[in-house]
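This report refers to the structure that appears directly beneath it.
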Number of protein chains: 2
Amino acid sequence: MNLRDLRYILAIAEHGQFSRAAEACGISQPTLSVQVRKLEEALGVTLFERGGKSVVPTEACDRLLGHVRGAVAEADAILAVARDLRDPLAGRFRLGIIPTLAPYLLPLVFAPLRAALPALEIEPWEDQTLALLERLRTHQLDAALLATEEDGPDLVGEALFEEPFLAALPPEHRLAGREVVAEAELAQDILVLADGHCLRDQALAACGQAGVLGSTLRSASLSTLLNMVAAGYGTTLIPGLAAGAAQDAGLVLRPLSARAGRCIRIVWRAGFPRRAAVEAVGEVIAARLRPFAEGAAAGAV
Amino acid sequence: MNLRDLRYILAIAEHGQFSRAAEACGISQPTLSVQVRKLEEALGVTLFERGGKSVVPTEACDRLLGHVRGAVAEADAILAVARDLRDPLAGRFRLGIIPTLAPYLLPLVFAPLRAALPALEIEPWEDQTLALLERLRTHQLDAALLATEEDGPDLVGEALFEEPFLAALPPEHRLAGREVVAEAELAQDILVLADGHCLRDQALAACGQAGVLGSTLRSASLSTLLNMVAAGYGTTLIPGLAAGAAQDAGLVLRPLSARAGRCIRIVWRAGFPRRAAVEAVGEVIAARLRPFAEGAAAGAV
DNA sequence: GTGACGCATAGATACCGTCTATGGCGGCGG
DNA sequence: CCGCCGCCATAGACGGTATCTATGCGTCAC
């Protein structure tokens with residue numbers, strides 16, 4: 001049994017005539033006759049009583065017509081839904097973002113994303129790198145914005161922008177007067193986030209692997225860390241996009257002499273079929289961040 | 001798009017794996033791969049994300065799965081209903097019967113019909129010949145029991161049994177003493193049914209076309225006619241199966257010298273597909289009536 | 001009676017679903 | 001580290017079948 005045959009039956013029932021029905025189906029009348037007969041034999045039921053003049057549906061046909069209409073309607077629904085889904089730049093897009101990036105990047109890119117990809121419903125998901133990778137691999141995310149390299153051959157990524165680190169100091173700090181701060185100098189009284197934040201490891205690495213020297217703040221956000229620094233508990237190293245928040249907290253920011261920083265990339269499963277959506281999102285974000293990169297380069301000169 | 005493809009999709013969604021799904025569908029794995037890819041291209045939607053290890057349904061696939069299940073379920077329903085309908089000796093069977101036959105034949109044949117064709121739901125429809133022919137032609141009846149010849153090439157019929165006419169007389173009638181009554185003798189004071197009853201025309205014809213001689217009873221049934229005769233208004237000619245009712249009314253019955261009678265036949269549309277049901281019904285009725293015919297022949301000797 | 005209309009049949013053709021054989025890729029164990 | 005195994009994708013061959021055109025037959029109307 002074939003969906004095509006079911007449509008044939010509906011056409012005959014509607015037109016009450018093989019010839020017109022065949023025309024409506026875009027096939028020849030003999031084809032329709034043969035197909036209907038085959039279907040009747042397959043079902044073991046005579047569907048139409050062929051009289052010299054008219055073709056009348058059998059009572060058996062009447063009993064079946066409801067289900068036939070149902071099947072054809074469901075098939076049409078499949079086509080309709082598929083037509084809706086065809087655009088890869090439409091529909092839900094679950095995007096993971098690390099916590100040290102989300103609060104500062106999202107306000108910048110939400111409006112451009114909605115303007116460039118109006119049909120794409122972006123659902124942000126904020127969590128640490130490992131959790132995001134896990135959700136990515138279990139198909140709970142479509143893509144993720146990370147500051148680390150690709151994690152394996154099953155995931156692929158594309159660099160979006162470079163984010164320089166900045167030294168964040170209390171105004172009264174002895175280094176606050178410098179134009180530029182050396183990474184190693186921060187190591188002495190640096191505060192870092194809890195384990196699991198990629199920024200913690202990268203900050204410590206930038207400062208020459210000061211190791212256990214820095215105090216670790218458990219269960220704290222970058223925002224809390226800024227407040228701690230402002231209160232004079234130490235210094236820290238922040239990603240460039242958090243500069244605004246740091247200044248609001250009353251901190252002094254200084255570029256780093258070795259130009260330490262991190263690379264933000266968008267990562268997705270190698271087999272993910274909506275490649276176009278990933279690349280469109282990446283491009284919009286990268287384009288939005290391009291002026292910042294030029295400004296930073298200019299400022300560093 | 002094909003129902004088969006939809007079943008393939010369901011199998012993959014269920015097994016999470018092409019190989020097992022192909023096995024479950026009874027096809028080879030390459031066939032399944034090709035068909036799924038074709039369907040994906042036809043729909044313009046990627047349905048499954050093929051990873052090295054596992055196959056995961058796309059979100060688009062999830063959105064479609066409901067309709068896919070619906071379509072397959074309706075298709076299965078078609079097959080199931082068809083299986084139920086396959087037996088031509090099952091289901092509703094609308095049988096027209098003329099009024100001068102129905103009350104006397106039906107009590108005889110109902111039980112045998114139910115015994116021989118338990119799945120056949122016989123719906124009797126009592127009306128005059130012309131009305132039955134009309135309903136037959138408009139597919140409102142499946143067959144009819146008539147006492148007349150076929151009405152045209154679009155209808156075919158088969159003789160079931162011969163029903164002799166009998167002279168019905170009041171006990172005090174001058175002909176009541178005869179062993180046998182001649183048809184022509186009845187003509188003098190015969191009562192007949194209203195126009196439209198085939199029995200009226202046949203009775204008048206049997207009596208030598210006495211023409212307008214006989215009184216016509218409008219809007220009366222054969223039962224009423226018997227009561228009229230019993231009350232002494234005249235004589236009449238009744239079909240053999242009504243003998244019991246006539247005797248109950250106190251009438252004297254006498255065979256006719258010329259053996260006038262009528263032939264009961266079952267009539268159906270030439271194109272009617274449930275030929276087997278018609279013939280089965282006819283055979284049961286004919287078999288039930290066979291002892292009567294033999295008895296009548298024996299009695300006439 | 002004849003022409004028009006409609007369904008059925010027959011034979012030819014092209015498409016498509018299916019198979020087997022094979023390749024590529026990732027994971028697992030020796 | 002290498003080879004084996006499981007799984008999906010691809011390629012080429014084969015067979016079935018849906019479709020076509022041409023034709024026949026029956027019915028209806030003028």
Side-chain angles (χ1 to χ4, degrees), chain A residues 1-9 11-43 46-58 61 137 150-156 269-273, chain B residues 1-9 11-43 46-58 61 137-139 150-156 269-273:
Chain A
M1 188 173 56
N2 196 321
L3 274 171
R4 200 183 325 129
D5 299 334
L6 300 186
R7 294 185 196 276
Y8 292 168
I9 289 181
I12 297 175
E14 181 183 351
H15 292 85
Q17 190 170 301
F18 276 53
S19 313
R20 308 276 180 194
E23 189 180 355
C25 293
I27 59 175
S28 71
Q29 168 267 315
T31 297
L32 188 63
S33 286
V34 171
Q35 291 307 107
V36 170
R37 175 160 305 282
K38 281 188 177 181
L39 181 59
E40 286 178 330
E41 285 169 8
L43 292 179
T46 302
L47 296 172
F48 297 99
E49 187 175 330
R50 286 86 156 165
K53 183 115 178 185
S54 63
V55 172
V56 180
T58 302
C61 185
R137 288 201 164 90
E150 288 85 5
D151 190 60
D154 57 331
L155 299 179
V156 292
R269 290 184 300 279
F272 185 58
Chain B
M1 188 174 56
N2 197 319
L3 275 170
R4 199 185 323 125
D5 300 335
L6 300 185
R7 292 185 196 278
Y8 291 168
I9 289 181
I12 298 176
E14 181 183 351
H15 292 87
Q17 182 169 307
F18 276 52
S19 313
R20 308 276 180 193
E23 189 180 356
C25 294
I27 59 174
S28 70
Q29 168 268 315
T31 298
L32 188 63
S33 287
V34 171
Q35 290 308 107
V36 170
R37 176 160 304 282
K38 281 188 177 178
L39 180 60
E40 286 178 330
E41 284 170 8
L43 293 179
T46 302
L47 296 171
F48 297 99
E49 188 176 330
R50 285 86 155 165
K53 185 112 178 188
S54 64
V55 172
V56 180
T58 302
C61 185
R137 287 200 166 92
T138 56
H139 293 75
E150 287 87 5
D151 191 59
D154 58 331
L155 299 180
V156 292
R269 290 184 300 279
F272 185 57

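We name chains A, B, ... by the order of the sequence lines, and we start the count at 1 in each one.
Rounded to whole Å, atom P of dC7(C) lies 16 Å from atom CD of Gln35(A). Note: CG (Leu3(A)) to C1' (dA18(D)) measures 15 Å, nearest angstrom. At whole-Å resolution of the value, CD in Glu41(A) and C1' in dT17(D) are 14 Å apart. Distance, Leu32(A) CG to dC20(D) P: 10 Å, rounded to whole Å. The distance from atom CG of Asp5(A) to atom P of dT17(D) is 12 Å, rounded to the nearest whole Å. Regarding Arg4(A), its CZ atom lies at a distance of 14 Å from the P atom of dC15(C), rounded to whole Å. Regarding His15(A), its NE2 atom lies at a distance of 12 Å from the P atom of dC7(C), rounded to whole Å. Phe18(A) places its CZ atom 14 Å from the P atom of dT19(D), with the value rounded to the nearest Å.
Taking side-chain N and O atoms only, Lys38(B) has no distance below 4.0 Å to OP1 or OP2 of dC16(C). Using a 4.0 Å cut-off, some side-chain N or O of Arg37(A) falls inside it from OP1 or OP2 of dA8(C). Side-chain N/O atoms of Gln17(B) include none lying less than 4.0 angstrom from OP1 or OP2 on dC8(D).
Side chain of Val34(B), nearest nucleotide from dG17(C), dC7(C), dT10(D): dT10(D). Listed candidates were dC8(D), dA18(D), dA9(D). Nearest to the side chain of Pro30(B) is dA9(D). If you check dA9(D), dC19(C), dA8(C) against the side chain of Ser33(B), the one that comes closest is dA9(D). The side chain of Gln29(A) has dC7(C) as its nearest neighbour among dT18(C), dC8(D), dC7(C). The nucleotide whose nearest atom lies closest to any side-chain atom of Ile27(A) is, among dT17(D), dC20(D), dT18(C), dC20(D).
Within the nucleic acid shown, Tyr8(A) comes within 4.0 Å of sugar-phosphate atoms alone, with no base atom in reach, counting heavy atoms only. Among the atoms of the strands shown, base atoms are found under 4.0 Å from some heavy atom of Ser28(A). Note on Ser19(B): only backbone sugar-phosphate atoms sit closer than 4.0 angstrom, heavy atoms only; bases stay farther off.
In plain terms, the two heavy atoms of Ser28(B) and Thr31(B) that are nearest each other are OG-OG1, 2.9 Å.
Along DNA chain D, the nucleotide nearest to Asp154(B) and the one nearest to Gly26(A) differ in position, and the one closer to the 5' end is contacted by Gly26(A).
Side chain of Glu40(A) to backbone of Leu47(A): a donor-acceptor contact under 3.5 angstrom is found.
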Inset, instruction - Walk me through it: do Leu155(B) and Arg269(B) pass the test side-chain contact (heavy atoms from CB on, under 4.5 Å)? - result: CA-CA 4 Å; Leu155(B) 299 180; Arg269(B) 290 184 300 279; 4.0 Å; yes
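Between Tyr8(B) atom OH and Ile27(B) atom CD1 the span is 3.5 Å, to the nearest 0.5 Å.
With sequence neighbours excluded, the residues that form a side chain to side chain contact (heavy atoms under 4.5 Å, CB included) with Ser33(B) are Phe18(B), Gln29(B).
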